[in-house]
Amino acid sequence: MADGLTTRPSTASSARPASTRPASSTRPAARRSEARRWLTVRWRLLPWWARVLGVFVVSRIVSTALLVSFAQRQGANAWTLASPDYASFASIWDGHWYNIIAVVGYPSSLPLTETGHVAENAWAFMPAYPVLVRGLMELTGASFATLAVVVSTVFAGGTALLFSRLLRRVLPEGTALFGVVLFCASPLSPLLQVAYAESMFLFLLCAALLLLLQRRYVAMLPVVLVMSFTRPGALPLALALGLHTIWRWWRRHDDPFPGREMLAAGAATVATAVFGVGWLLVAGLVTGRLDAYTETELAWRSAYIGHGPLVPFTPWIAGANWWFPGGLGVALLVISLAGLGVLLLGPWGRRLGVDLRLWSLAYALYLLAVFFPQSSTWRLLMPLFPLLGVLALPRSRAWRVGLVLLFVAGQWLWIDWCWWVDGYDWTPP
């Protein structure tokens with residue numbers, strides 16, 4: 001009592017709320033929160049291309065781990081010994097045909113079966129990809145398997161970059177980046193790093209679509225020319241271009257369509273259609289049979305429904321009845337088509353803009369017209385990748401995390417069902 005006042009602890013200062021924890025127990029949580037904030041800030045400060053490539057690299061690590069795990073358990077088969085190395089395992093199936101083309105080229109006459117029908121042969125596979133790999137083989141001396149994987153992976157990375165720019169023209173930046181995540185993690189994304197031409201084709205297609213959105217019609221033509229000799233797809237692109245031209249003409253009062261652009265768009269449509277039949281003409285001229293390419297393609301479906309002519313829009317009905325007889329297959333086909341229509345015309349689909357939806361419609365019609373549905377149809381659906389932008393729209397963290405996990409699980413299922421060779425395998429990728 002030095003100054004005559006009783007000193008006692010302040011009740012307010014000495015009381016501790018029951019929920020208050022010692023400072024030492026909150027430090028690890030605070031450090032983790034601070035680390036997350038630091039990582040988030042650093043991630044956002046990265047240039048767009050670095051973020052895209054970061055997503056791509058992480059996705060390739062996951063897909064590579066899955067492929068390697070199957071390769072280690074792979075038994076001896078028509079293409080490899082047991083437990084092959086990664087490059088060998090990544091070069092089976094159609095990779096074998098691309099290897100043949102890279103080394104010996106195409107046959108000058110079509111091989112025939114005992115019944116006189118055209119047999120499976122290299123003319124079903126277009127030359128741009130194997131020719132590029134062969135050129136690198138000559139320059140480096142490396143094997144086809146190694147270089148094919150490298151070429152595919154590089155084109156896949158380029159596709160991820162272009163896809164980011166493509167989606168960025170119609171969607172917010174964060175949504176566009178998650179669309180890239182879905183592309184890189186999709187169930188068929190292991191195909192982006194094997195000896196298939198899909199990566200190269202998707203890169204060229206993405207470049208062509210980006211130029212279309214920029215309305216650079218003449219600049220599209222060199223891209224489309226190479227694309228038309230990489231994978232089938234120029235004909236539906238010609239249809240999309242034609243519909244784009246009609247749409248612009250219809251809306252010319254709201255969106256000016258100058259005569260010069262109209263002429264360029266029309267010329268690009270015609271040129272793309274010509275490019276689309278270029279490989280058919282080459283195959284016909286070399287082999288002496290104008291139906292060389294189509295008959296070769298029909299050879300692959302003969303194991304399912306026998307030999308027969310190509311009648312547009314009938315293969316899917318035949319396939320539906322083959323896979324699910326009794327009308328169930330046709331019903332599933334109708335439901336699937338109705339779902340695609342709702343997706344393209346609904347409010348979420350409209351967020352993609354007109355041109356990406358026109359491409360998706362044109363390519364879907366092309367598949368319905370000429371392809372027979374079987375296990376490789378999943379691969380043939382890959383050019384519809386712009387529709388991943390629709391799945392990227394919801395911002396729910398649970399939705400996004402769950403979708404990525406589901407896609408990765410889909411990779412495992414696809415490798416197990418289609419890529420991995422398990423005895424007599426009738427589900428080619």
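Values below: every heavy atom of this structure, side chains too, minus hydrogens, waters and symmetry copies.
- Not one N or O on the side chain of T377 forms a donor-acceptor pair closer than 3.5 Å with the backbone of L380.
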Stepwise side-chain contact (heavy atoms from CB on, under 4.5 Å) check, I92 with H96: CA-CA 5 Å; I92 60 177; H96 177 69; over 6 Å; no

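- Counting only N and O atoms by type, the side chains of T175 and E173 include no donor and acceptor under 3.5 Å apart.
- Using cut-offs of 30° and 60° for the angle between ring planes, the H117 and H307 rings count as parallel.
- In terms of the ring-ring contact (aromatic ring centres under 6.0 Å, His included) criterion, residue partners of W323 (sequence neighbours excluded) are, by chain and number, W426.
- Of the possible donor and acceptor atoms, none in the side chain of R289 sits under 3.5 Å from a partner among the backbone N and O of G284.
- Contacts of F257 classified as ring-ring contact (aromatic ring centres under 6.0 Å, His included), with partners at least two apart in sequence or in another chain: none.
- Contacts of E138 classified as salt bridge (Lys or Arg N to Asp or Glu O under 4.0 Å), with partners at least two apart in sequence or in another chain: R134.
- Two residues are said to be in side-chain contact when any heavy atoms from C-beta on lie closer than 4.5 Å; L391 and W348 fail this criterion.
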Between side-chain atoms of residues 189-206 and protein atoms elsewhere (two or more places apart, or another chain), which donor-acceptor pairs fall under 3.5 Å?
residue: S189; atom: OG; partner: C184; partner atom: O; Å: 3.1
residue: S189; atom: OG; partner: S186; partner atom: O; Å: 2.7
residue: S189; atom: OG; partner: Q411; partner atom: NE2; Å: 3.3
residue: Q193; atom: OE1; partner: R60; partner atom: NH1; Å: 2.6
residue: Q193; atom: NE2; partner: T64; partner atom: OG1; Å: 2.8
residue: Q193; atom: NE2; partner: Y86; partner atom: OH; Å: 2.7
residue: Y196; atom: OH; partner: D94; partner atom: N; Å: 3.1
residue: E198; atom: OE2; partner: R231; partner atom: NE; Å: 3.2
residue: E198; atom: OE2; partner: R379; partner atom: NH1; Å: 2.9
residue: S199; atom: OG; partner: S152; partner atom: O; Å: 3.1
residue: S199; atom: OG; partner: L192; partner atom: O; Å: 2.9

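- Annotation: side chain of L367 is in contact with side chain of L381 (closest heavy-atom distance under 4.5 Å).
- The closest side-chain heavy-atom distance from P187 to W378 is not below 4.5 Å.
- By the side-chain contact (heavy atoms from CB on, under 4.5 Å) test, W48 pairs with R51, V52, L161, S164, R165, sequence neighbours left out.
- Residues L243 and W247 form no side-chain contact, since every pair of their non-hydrogen atoms from C-beta on lies 4.5 Å or further apart.
- Side chain of R400 to backbone of P394: a donor-acceptor contact under 3.5 angstrom is found.
- Minimum heavy-atom separation, S375 to W417: CB-CH2, 4.5 Å.
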side-chain contact (heavy atoms from CB on, under 4.5 Å) evaluation trace for L358 with V354: CA-CA 6 Å; L358 287 178; V354 172; 3.6 Å; yes

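- In terms of heavy atoms, G95 sits closest to F144 at O-CE2, 3.5 Å.
- Considering only heavy atoms from C-beta on, W279 comes within 4.5 Å of W123 through its side chain.
- Among L147, V151, T153, the single residue meeting the side-chain contact (heavy atoms from CB on, under 4.5 Å) criterion with V149 is T153.
- Taking each heavy atom of A219 and P222 in turn, the nearest pair found is O-CD, 3.3 Å.
- Using modelled atom types, no side-chain atom of D254 and backbone atom of R252 make a donor-acceptor pair closer than 3.5 Å.
- Under the 4.5 Å side-chain criterion, counting only non-hydrogen atoms from C-beta, V223 is not in contact with M220.
- In this structure, W359 contributes its side chain and P383 its backbone to a donor-acceptor pair below 3.5 Å.
- Counting all heavy atoms, side chain and backbone alike, A119 lies closest to T113 at CB-CG2, 3.8 Å.
- Partners of W420 by ring-ring contact (aromatic ring centres under 6.0 Å, His included), not counting sequence neighbours, listed by chain and number: F70.
- Remark: side-chain polar atoms of D416 are not paired, donor with acceptor, to backbone N or O of W412 under 3.5 angstrom.
- When all heavy atoms of L356 and V170 are compared, the pair lying nearest together is CD1-CG2, 4.3 Å.
- Between the R216 side chain and the L212 main chain, no donor and acceptor come within less than 3.5 Å of each other.
- V370 is not listed as a side-chain neighbour of T294, based on a closest heavy-atom distance of 4.5 Å or more.
- Under the 30°/60° scheme for interplanar angles, the aromatic rings of F125 and W97 are found to lie parallel.
- Judged by distance alone, the side chain of S88 and the main-chain N or O of P84 form no donor-acceptor pair under 3.5 Å.
- Looking at heavy atoms from C-beta onward, R351 lies in side-chain contact with L171 at the 4.5 angstrom threshold.
- Counting all heavy atoms, side chain and backbone alike, F183 lies closest to A160 at CE2-N, 4.3 Å.
- T146 contributes no side-chain N or O that, together with a main-chain N or O of S143, makes up a donor-acceptor pair within less than 3.5 Å.
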